[in-house]
Undergrad: 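Let me begin by handing over the structure; questions about it come next.
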Amino acid sequence: MQIFDTMTRRKTAFVPRTPGEVSMYVCGPTVYDVPHLGHGRTALTYDTIRRYLEWCGFDVTVASNVTDIDDKIVERAQREHRTEADVAAEFTAAYDAELDRLGVLRPHTRPHATHFISQMIDVISELLSMGAAYEVAGKGVYFAVDSAPGYGRLAGRTLEQLAADAGARIDVDPDKRSPLDFVLWKAAQPGEPRWDTPWGEGRPGWHTECVAMSLSALGPGFDIHGGGDDLVFPHHQNEWAQVTAAGESFARYWVHSAMVNVGSQKMAKSLGNYTHLADAIDAAGARAVRLLVLQTHYRKAMEMGPAALDAARSAVGRLDAFARRAAAAGISPQTWAAVRRPDIESGAAAGLDAEAARAFAAAMDDDFSTPTALDVVFRLVRRANAAFDAGGDGAGHEAAAALHLLGVLGISVSPDGDATATVEGLTDDGVEALLAERAAARAARDFSTADRIRDELAASGIVVSDSPDGASWHRR
RNA sequence: GGCGGAGUGGCCGAGUGGUUAGGCAGCGGCCUGCAAAGCCGUGUACGCCGGUUCGAAUCCGGUCUCCGCCUCCA
């Protein structure tokens with residue numbers, strides 16, 4: 001298995017710290033507003049990686065934080081006359097709700113920054129004692145970047161290059177020894193939340209929390225450190241600098257997922273193309289959002305506008321229709337839910353198309369190439385459908401593999417369509433009654449009545465399909 | 001200005017030297033009372049200009065355009 005490591009900028013063979021186990025830290029959100037499409041993409045990226053590694057047989061541990069104290073949270077709390085904790089609680093809940101809808105597995109541990117103040121104090125104290133950090137009266141504690149040789153490497157730049165550009169876009173703070181130095185701890189300001197420390201009251205800077213939390217949760221030298229592309233610099237570089245200065249080992253692999261574009265520009269509030277994750281899920285369904293995300297490689301910027309979401313929604317409909325045919329043939333995803341990659345390689349999962357599963361695994365082994373993996377799945381679906389058309393039971397292996405591999409990617413397909421969709425109106429019995437009426441009309445070759453009933457059902461979200469064995473239906 | 005990425009058929013989006021990516025949409029056909037679903041068929045796609053090669057979307061040189069990061073950001 002190969003993973004692209006941001007630090008070395010190349011695909012690297014994946015060798016975990018402990019054989020058979022993978023430890024993964026994913027930088028989570030700052031909870032000052034509702035989650036947007038980008039949060040969804042990032043979460044789905046790491047959820048997919050996790051699911052795949054688990055399928056491969058690894059014992060995976062995921063830690064993902066919530067930043068619940070930060071400038072923007074303070075700002076919003078003050079603007080809305082509420083506490084920071086209240087703001088954080090509201091948007092943590094919103095984040096959880098949308099990720100749950102997307103089917104993103106909850107991390108095994110989810111540290112909150114405000115619960116790790118004492119660990120952050122330990123980190124900063126150590127850096128102060130070794131001279132890697134310094135205090136500025138009234139402002140806080142800063143990290144001296146020159147105490148971390150190689151600073152800039154994650155961004156593909158040298159300290160000198162970075163220094164030459166410093167100040168190009170923001171004013172240099174004269175209290176810093178180097179313009180690149182960053183704040184570890186912010187001295188208390190009136191009206192802001194504060195914690196007591198050996199160097200006075202204040203609140204944490206952003207970059208220390210992930211150091212304290214990741215190392216607490218996963219220990220030194222954990223395997224994968226992930227997050228959005230925009231965190232590479234300065235956030236991850238600054239985390240790395242602290243750990244490096246302290247002489248500890250940090251992440252073995254740095255993985256970053258690319259940004260979401262809407263209208264070919266990065267989605268951002270300032271550009272007015274900020275899209276709430278909840279709106280996209282409402283419009284296209286959670287599975288379409290997931291499918292769309294996986295149709296693009298995680299390291300490439302992707303388009304998530306309405307047209308793209310709509311196309312994905314159609315594709316999910318195709319998969320559901322396939323699931324209906326498979327179910328009718330007695331092939332259900334549940335049958336294969338417990339199968340893992342080693343089972344297929346050992347031949348213990350006879351009944352699945354092993355060749356297709358290998359092609360799928362080969363794609364995923366290549367830096368989690370989900371678009372190619374989906375290619376494998378869709379080709380299986382077409383072959384299985386063709387076999388269904390041909391009659392007989394030749395579709396079994398392909399259909400089973402397609403359903404199983406979709407499950408590995410976290411895409412749930414179902415004969416019933418989108419189980420989370422809101423369905424109002426007709427009960428099952430009501431539908432059956434109307435269908436009986438329609439069947440009678442068809443038998444009498446009264447097609448206008450039959451079509452009227454079908455149209456009525458369609459208006460209620462019921463799709464009717466006729467076959468030699470009679471009519472079947474499902475909710476759209 | 002520095003660093004990095006990208007330009008692929010109507011749209012999204014894989015693909016790093018030679019056989020069909022895939023999805024969505026369209027068109028024709030089969031199936032159907034008509035549909036739906038499905039299958040089959042269907043697109044002189046690789047920003048532009050040169051070069052290397054028997055052969056390039058894929059390598060080299062040049063050029064244009066777009067995007068991201070350099071500041072909080074998934």
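Quantities reported herein were computed from a predicted structural model and do not represent experimental measurements. Each chain gets a letter, A, B and so on, in the order its sequence line appears, and its residues count up from 1.
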Undergrad: Taking the side chain of A/A386 as its heavy atoms from C-beta onward, which of B/A74, B/G23, B/C39 lies nearest to it?
TA: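 Among B/A74, B/G23, B/C39, the one nearest the side chain of A/A386 is B/C39.
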Undergrad: With the six-membered base ring of B/G22 as reference, does the ring of A/F378 sit under 5.5 Å away with planes under 30° apart?
TA: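 A stacking contact does not exist, since A/F378 is not both close and nearly parallel to the base ring of B/G22.
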Undergrad: Using the P atom as the point on both nucleotides, what is the distance between B/G26 and B/A35, in whole Å?
TA: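 Their P atoms lie roughly 15 Å apart.
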Undergrad: Between B/U16 and B/U53, how many Å separate the two C1' atoms, rounded to a whole number?
TA: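 Pairwise C1' distance, B/U16 against B/U53, rounds to 16 Å.
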Undergrad: Please report the distance, rounded to the nearest Å, between CZ in A/R290 and P in B/C12.
TA: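 Atom-to-atom, A/R290 to B/C12, this comes out as 24 Å.
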Undergrad: Tell me which nucleotide among B/A35, B/C24, B/A14 gets nearest to the side chain of A/H297.
TA: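 Closest of the options to the side chain of A/H297: B/A14.
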Undergrad: In whole angstrom, what separates A/R379's CZ from B/G38's P?
TA: 18 Å
Undergrad: Checking contacts here: which listed nucleotide (B/G38, B/G33, B/G23) is nearest the side-chain heavy atoms of A/D466?
TA: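 In terms of side-chain proximity for A/D466, the closest of B/G38, B/G33, B/G23 is B/G33.
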Undergrad: Does the B/A74 base have a donor-acceptor partner in the side chain of A/H256 within less than 3.5 Å?
TA: no
Undergrad: When you measure from the centre of the six-membered ring of A/F4, is the NZ or CZ of A/R9 closer than 6.0 Å and no more than 45° off the axis?
TA: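 Because its charged atom misses either the 6.0 Å distance or the 45° angle limit, A/R9 does not stack over A/F4.
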Undergrad: Using atom C1' of each nucleotide, how far apart are B/U44 and B/U8 to the nearest Å?
TA: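 It comes out at 15 Å once rounded to the nearest Å.
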Undergrad: Under 4.0 Å between a side-chain N or O of A/S467 and OP1 or OP2 of B/A37?
TA: no
Undergrad: Measure from the side chain of A/D375, starting at C-beta and using heavy atoms only, and say which of B/A21, B/G33, B/A35 lies closest.
TA: B/A21
Undergrad: Anything under 30° is parallel, anything over 60° is perpendicular, the rest tilted; go ahead and classify A/H236 against A/W254.
TA: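 It falls in the tilted class, 30° to 60°.
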Undergrad: Which nucleotide wins on minimum distance to the side chain of A/T30, given the candidates B/A74, B/A6, B/A36?
TA: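 Of the options given, the side chain of A/T30 lies nearest B/A74.
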Undergrad: Ignoring the backbone of A/D230, work out which of B/G22, B/G13, B/A74 is nearest its side chain.
TA: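 Looking only at side-chain atoms, A/D230 lies closest to B/A74.
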Undergrad: A/H225 and side-chain contact (heavy atoms from CB on, under 4.5 Å): which single residue from A/H256, A/M7, A/E239 fits?
TA: A/E239
Undergrad: Does A/D375 pair with A/R379 as a salt bridge, N-O distance under 4.0 Å?
TA: yes
Undergrad: Between A/R382 and B/G22, is there a contact of a side-chain N or O with OP1 or OP2 at under 4.0 Å?
TA: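 So the side chain of A/R382 is within the cut-off, an N or O lying under 4.0 Å from OP1 or OP2 of B/G22.
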Undergrad: Would you say A/R318 reaches B/C39's phosphate, i.e. side-chain N/O to OP1/OP2 under 4.0 Å?
TA: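 For B/C39, OP1/OP2 do have a side-chain N/O of A/R318 under 4.0 Å.
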Undergrad: Roughly how far apart, to the nearest Å, are B/A56 and B/G47 at atom C1'?
TA: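 Here B/A56 and B/G47 have their C1' atoms 16 Å from each other.
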Undergrad: In whole Å, measure the gap between the C1' atoms of B/A14 and B/A57 for me.
TA: 12 Å
Undergrad: When you measure from the side chain of A/P29, which nucleotide among B/C24, B/A74, B/C72 comes out closest?
TA: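 Out of B/C24, B/A74, B/C72, the nucleotide with an atom closest to A/P29's side chain is B/A74.
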Undergrad: Check this one for me: any side-chain N or O of A/K300 less than 4.0 Å away from OP1 or OP2 of B/C67?
TA: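 Checking A/K300 against B/C67: no side-chain N or O falls below 4.0 Å of OP1 or OP2.
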Undergrad: Send over the distance from A/R287 CZ to B/G23 C1', rounded to a whole Å.
TA: 15 Å
Undergrad: Choosing from B/G38, B/G13, B/A74, which nucleotide comes nearest the side chain of A/D389?
TA: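 Looking only at side-chain atoms, A/D389 lies closest to B/G38.
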Undergrad: Taking atom C1' in both B/G23 and B/G13, what distance in whole Å separates the two?
TA: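 My reading of the C1' atoms in B/G23 and B/G13 gives 8 Å.
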Undergrad: Check the angle between the aromatic planes of A/F222 and A/F250 and answer parallel, tilted or perpendicular using the 30° and 60° thresholds.
TA: perpendicular
Undergrad: Judged by each residue's nearest nucleotide on RNA chain B, which is more toward the 5′ side, A/A258 or A/F233?
TA: A/F233
Undergrad: Assign the ring pair A/H235 / A/H207 to parallel, tilted or perpendicular, where the plane angle (0 to 90°) is split at 30° and 60°.
TA: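 Taking A/H207 first and then A/H235, their aromatic rings sit tilted (interplane angle of 30° to 60°).
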Undergrad: Taking the same atom, P, in B/C3 and in B/A45, what whole-Å distance lies between them?
TA: 37 Å
Undergrad: If you only use heavy atoms from C-beta on, which nucleotide in B/G2, B/C34, B/G22 is closest to the side chain of A/R157?
TA: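 The closest nucleotide is B/G2.
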Undergrad: In whole Å, what separates the P atom of B/A25 from that of B/G33?
TA: 25 Å
Undergrad: Taking atom P of B/C31 as reference, at what distance in whole Å does atom CG of A/D469 sit?
TA: 18 Å
Undergrad: Over how many whole Å does the gap from A/L231 atom CG to B/G68 atom P extend?
TA: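 After rounding, the reported distance stands at 16 Å.
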Undergrad: Report the distance from atom CG of A/D367 to atom P of B/G15, rounded to the nearest whole Å.
TA: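 My rounded result for the distance is 10 Å.
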Undergrad: Is there a Watson-Crick or G-U wobble partner for B/C3 with both distances under 3.5 Å, and which nucleotide is it?
TA: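 Here B/C3 is engaged in a pair, and the nucleotide opposite it is B/G68.
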Undergrad: Nearest to the A/V463 side chain among B/C72, B/A36, B/A6, which nucleotide is it?
TA: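 When the side chain of A/V463 is considered, B/A36 is the closest of B/C72, B/A36, B/A6.
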Undergrad: Using 0.5 Å steps for rounding, measure from the CD atom of A/E192 to the CG atom of A/D71.
TA: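 Output value for this atom pair is 7.5 Å.
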Undergrad: Quick check on RNA chain B: between A/V381 and A/A155, whose nearest nucleotide comes earlier from the 5' end?
TA: A/A155
Undergrad: Rounded to the Å, how far apart are A/F322 CZ and B/G23 C1'?
TA: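 Rounded to the whole Å, the gap is 16 Å.
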